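Single-structure report; data block below.
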Amino acid sequence: MKIDNLYDIPKLGFGLMRLPKKDGKIDIETASRMVDECLAAGFYYFDTAYVYDGGDSECAVKELLTSRYPREQFCLATKLPAWEMKSIEDRDRLFQIQLERTGAQYFDFYLLHAISQEHIGIYDKFDCFAWIQEKKAQGLIRHAGFSFHDTPEMLDEVLTKHPEMEFVQLQINYADWENEKVQSRGVYEVARKHGKPVIIMEPVKGGNLAILRDDVGSVLKEARPDASYASWALRFAASHEGLLTVLSGMSSEEQMKDNISTMKDFEPLTEEEKALINQVTDKLNQIPTVACTACRYCVEGCPQEIQIPDMIRLLNTCRVYDYNASVGRSFDMALKDGSGRPSDCVQCGQCESVCPQHLPIISIMEDAAKELER
């Protein structure tokens, strides 16, 4: 699909990070219906990555999109992972794997994945900024950019050094807008200063903003009784200027329908609604939870096969709702495939080295063992 103006892309993108599962595998039948509904509604931007679902997400693209629709009917984005590169030859090796997995022929949007202080040295060492422009010149990439997980100051440095990059993907949601670690407002303002279109990721903060406690989200329900909490989070994200699109990692047809309903006839937040969002943020900040977005980078490589994001999600549930029978059942289900318990952690630190949120996962697993292993 030829895109002349990046700002013309519909403002809802389908993130393929959290596709529905059946028997532990991507549910292609359900996901296909979701893709069909998304395209029928006029939303044609799809986002995956080399590491999503251990590569299964990219492979699913072939079954969901490229084998079912003409290539010009959708936009596909994927990403080059710094942590998978050990030599300069790995750039082309990984890229070729992605082309074969997806059957895409070319990528409409291609990103250097998760630029941060930890990864920028690898991208520089292997001259990836120049390489991505070469792929663009070859017609294998239509638009080149990067996703980012670090400070506004670093983003400013990267964009100043590489003005050729066309867009930037940032984690933006109302809970992280003033968060000292994520600094959503700061990085957004830097992107705007450089005139770069912004792709928003994690607008619902890994689903956390879709399941607010009633005493936290009551002001939103009173204002719009029929609106989901997720719709408020999407509207907050999409109300900003300079957007390419807002990604939502949808896991069910219900989520798809709600997101399409929210974004099809989009209504920006009013000033009164922004004030309500601020009230919710204040309440959320008073609850001590772990700010995990369930990106699952930490899972691959864990020697004990601990499903760390699932354990953190359940730990957060305990902290907000207290331990209950539902938590116990979910914990048991998470262990059925032989995955490790939090207490199995050997404190190797592999998970902490790849966490975009820079979470102290080792100590978090200690807390999870105390709360969940009853």
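Computed from a prediction, not measured in an experiment: that's the story for all the values here. Nothing fancy with the numbering, it's 1 onward along the sequence.
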TODO: For side-chain contact (heavy atoms from CB on, under 4.5 Å), just list the numbers for S147 and M201, CA-CA rounded to whole Å, side-chain angles, deciding distance to a tenth of an Å, and then say yes or no.
DONE: CA-CA 9 Å; S147 60; M201 58 180 161; 4.2 Å; yes

Task: Heavy-atom pair with the smallest gap, counting every atom of S248 and L12 - done: CB-CD1, 4.1 Å

Open item on the list: Donor-acceptor check, side chain of T102 to backbone of A104, threshold 3.5 angstrom: yes or no?
Closed with: yes

Open item on the list: One thing to verify: whether R18 and E202 come together as a salt bridge, which I'm taking to mean a side-chain N less than 4.0 angstrom from a carboxylate O.
Closed with: yes

TODO: Take T48 and L76, measure what side-chain contact (heavy atoms from CB on, under 4.5 Å) needs, and give me the verdict at the end.
DONE: CA-CA 8 Å; T48 185; L76 181 63; 4.2 Å; yes

Open item on the list: Would the distance check show the side chain of K11 and the main-chain N or O of Y7 forming a donor-acceptor pair, the cut-off being under 3.5 Å?
Closed with: yes

Open item on the list: Counting only heavy atoms from other residues, nucleotides and ligands, does the tally under 6.0 Å from CD of E241 exceed 12?
Closed with: no

Open item on the list: Taking R33 first and then E37, would you say they form a salt bridge - that is, a charged N and a carboxylate O separated by under 4.0 Å?
Closed with: no

Open item on the list: Are Y297 and V182 linked, directly or through intermediate hydrophobic residues, by side-chain heavy-atom contacts shorter than 4.5 Å (ILVMFWY only)?
Closed with: no

- [ ] Report yes or no: is the cationic atom of R142 (NZ for Lys, CZ for Arg) under 6.0 Å from the centre of the six-membered ring of F109, at an angle within 45° of the ring normal?
- [x] no

Open item on the list: Is it the case that over 12 heavy atoms from other parts of the model lie below 6.0 angstrom from the NZ atom of K193?
Closed with: yes

TODO: Sequence neighbours left out, what pairs pass side-chain hydrogen bond (donor to acceptor under 3.5 Å, both in side chains) with at least one residue falling in residues 361-374?
DONE: R319-D367, S343-E373, Q347-E366, E371-R374

- [ ] Start with the C-alpha gap between T78 and E58, add the side-chain angles, then the distance that decides, and say whether side-chain hydrogen bond (donor to acceptor under 3.5 Å, both in side chains) holds.
- [x] CA-CA 8 Å; T78 194; E58 284 188 336; 2.6 Å; yes

- [ ] Starting at CG of L159, measure out to NE2 of H194 and round the result to the nearest 0.5 Å.
- [x] 5.0 Å

Task: F46 side chain near L16 side chain, heavy-atom distance below 4.5 Å - done: yes

- [ ] Using a strict 4.0 Å threshold on nitrogen-to-oxygen distance, state whether K221 and D214 make a salt bridge.
- [x] no

Open item on the list: So for atom CD, which belongs to E300, do other residues, nucleotides or ligands contribute more than 12 heavy atoms lying within a distance under 6.0 Å?
Closed with: no

- [ ] Give the cluster check for I88 versus F129: same hydrophobic cluster or not, with ILVMFWY residues linked at side-chain heavy-atom distances below 4.5 Å.
- [x] yes

Task: Pairing of D36 and R68 as salt bridge, 4.0 angstrom limit - done: yes

Task: Residue pair F167, V198: steps toward the side-chain contact (heavy atoms from CB on, under 4.5 Å) verdict - done: CA-CA 6 Å; F167 63 92; V198 172; over 6 Å; no

Task: Criterion ring pair (Phe, Tyr, Trp, His ring centres under 6.0 Å) against F95, the qualifying member of Y106, F107, Y50 - done: F107

Task: Short side-chain to backbone donor-acceptor contact, H143 and D108, under 3.5 Å - done: no

TODO: Compute whether any side-chain donor of one residue and acceptor of the other, for S87 and E89, lie under 3.5 angstrom apart.
DONE: yes

TODO: Could you tell me whether D310 and R296 have a side-chain N and a carboxylate O separated by less than 4.0 Å?
DONE: yes

- [ ] Could you check whether the rings of Y188 and H240 sit parallel, tilted or perpendicular, using 30° and 60° as the cut-offs?
- [x] perpendicular

Task: Side-chain donor/acceptor of D344 to backbone N/O of G340, under 3.5 Å - done: no

- [ ] Report yes or no: does S239 contribute a side-chain atom to a donor-acceptor pair with the main-chain N or O of L269 at less than 3.5 Å?
- [x] yes

Taking only distance into account, with no hydrogens and no angle test, what donor-acceptor pairs under 3.5 Å do side-chain atoms of residues 133-141 form with protein atoms, sequence neighbours excluded?
{"residue": "K135", "atom": "NZ", "partner": "D92", "partner atom": "OD1", "Å": "2.6"}
{"residue": "K136", "atom": "NZ", "partner": "E166", "partner atom": "OE2", "Å": "2.9"}

TODO: Keeping the roles fixed (side chain from D156, backbone from P152), state whether a donor-acceptor pair exists under 3.5 Å.
DONE: no

Task: Residue pair V51, W83: steps toward the side-chain contact (heavy atoms from CB on, under 4.5 Å) verdict - done: CA-CA 10 Å; V51 295; W83 51 96; 3.5 Å; yes

Task: Ion pair R185/E189, N-O distance below 4.0 Å - done: yes

Open item on the list: For the backbone of P203 and the side chain of K205, can you confirm whether one donor and one acceptor N or O come within less than 3.5 Å of each other?
Closed with: no

Open item on the list: Treating D27 as the side-chain partner and P20 as the backbone partner, does any N or O pair qualify as donor plus acceptor under 3.5 Å?
Closed with: no

Open item on the list: Does anything in residues 273-291 form a salt bridge (Lys or Arg N to Asp or Glu O under 4.0 Å)? List the pairs, not counting sequence neighbours.
Closed with: R224-E273, R235-E273, E271-K274

